[in-house]
Amino acid sequence: MILVKPHHPRHLLTVWNPAYASDALDEHLRVLLHWAQEHRAGTADEDDVYVWWGKVRSTRREQPLPHADQVLAIDEQIQRGVETHLYLTDYRSLYVGWILEITADDVLREMAGEAEHMPSYYEGHRVDFWFRLQDVRRIVADDTPAVIQELGRLRNVNFHDRPVSLYGGMVDLPLVVTSTDGASWFGGSSALLDEQLWAERDAELRGETGRIAHELRDNLFGQAVWTALDPTTRTFLASGDAVFRARRDDPAFDFATAAVEYAKAVETELNALLLPALRPVMRGKPTSEREVTLNSRRIDLSDDVPHLGLGELLHLLAHAEHFRKALRTAFPHDWKWLQGELPAYLDAAAALRNPAAHSATLSREDMVRHRETILGIGCEGLITMLARIRLRAA
């Protein structure tokens, strides 16, 4: 699906109920991962890779939800190609699903074959709405304060656009919300995941990445820097460090896997830092000053820019004069570092990201050097410098 992005798309937020299954979220992930595996094995089409999430109606409520029409109206937004999210929480963790369809039809009982795309516990329950999810990704794991912080970026449409409150505000679910930062949780997936689902990626090192994320936040970066980073950046840092720590005592291990994760973290953070800040600076400028050519494609820097690779970002920093000029306006305190010193860091990170570099084994010694530079082991790391620029620009 080609994604478009209006100014204020509407999304949904709900809570999963542990009374329905030992872990309702895991039940849905198992179904989604099953269909992803079937597709990779050639026994299911790509269009078969989805899972239904149902909004179960409370046994104490007979009447429809007061905002049911608002919820169903979001399906029209989805069909226009707008990336639309279903935020899912149990107060300790937070996930986001990519919605393909919203319906009030009885999917379980009236649509043949759809029971195979949902957990079995829906049998016997009445459902207000069904949400067909193409992918689900983890944003926060086992960290209630972080959930509160992330949900604070959402605005409750039916409560005067106030920030979502985890305690006291979770009534008449699902909430209809908008996002203050316009996060695109799935728009850059193909560039970052090599056609994997986020659900598949999250399943690979689930418990370990959550533990490492807490470790990096509490014992390396600190709360302020960690919070300033894009959530996807945090994901790649944790997964890369989980691989490194698990194999650091194996001198024969090829550390390219961990290196790519660190490089993706840098790439993601630069996309999140630079492109949104340059957008308002470029607006209103002549086409010749706001468009650049990257790999034979024209990109309008005043609009939503697709995810850019490290090599493309390096090219803009080094050679695109209008881009460089706009940096001076968007980052008055940091543009000299961004143009002068950052490219040297990116040369090394881009080499890690280049598939051609992986034909040779990446040694532990080389990996340690890259890790120290990116994370800031014994120095102020690249990730910390980018986070501090974001904090100064906020």
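Please read all numbers here as calculations on a predicted model, not as lab measurements.
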Using 0.5 Å steps for rounding, measure from the [atom1] atom of [X] to the [atom2] atom of [Y].
X	Y	atom1	atom2	value
W226	F221	CH2	CZ	6.5 Å
S302	K285	OG	NZ	10.5 Å
D143	H214	CG	NE2	4.5 Å
L270	E312	CG	CD	12.5 Å
L317	L274	CG	CG	6.5 Å

Will you find, in the side chains of [X] and [Y], an N or O donor that is under 3.5 Å from an N or O acceptor?
X	Y	value
R217	T227	no
R324	Q339	yes
Y95	D202	no
Y91	W16	no
D218	Q223	no
E291	H322	no
R137	T232	yes
E372	H370	no

Please find the pair of heavy atoms, one from P306 and one from N271, that lie closest to each other, and give the distance. O-OD1, 4.3 Å

Minimum heavy-atom distance P9-T178, with the two atoms named: O-CG2, 3.6 Å

Please indicate whether [X] has more than 12 foreign heavy atoms, meaning atoms of other residues, nucleotides or ligands, lying under 6.0 Å from its [atom1].
X	atom1	value
E365	CD	yes
E215	CD	yes
D69	CG	no
R40	CZ	yes

Would you say the side chain of [Y] lies within less than 4.5 Å of the side chain of [X], judging by non-hydrogen atoms?
X	Y	value
T233	L237	yes
D366	F255	no
Y87	W185	yes
L386	E269	yes
D304	R279	yes

Please find out if less than 6.0 Å separates the ring center of H28 from that of Y122. yes

Going by the angle between their ring planes, with limits at 30° and 60°, are [X] and [Y] parallel, tilted or perpendicular?
X	Y	answer
W98	F186	parallel
H319	H315	tilted
Y121	H125	perpendicular

Is a donor on one side and an acceptor on the other found under 3.5 Å between the side chain of [X] and the backbone of [Y]?
X	Y	value
T293	S296	no
R364	R248	yes
D106	R109	yes

Looking at E321 and R328, is any side-chain nitrogen of the basic one under 4.0 Å from a carboxylate oxygen of the acidic one? yes

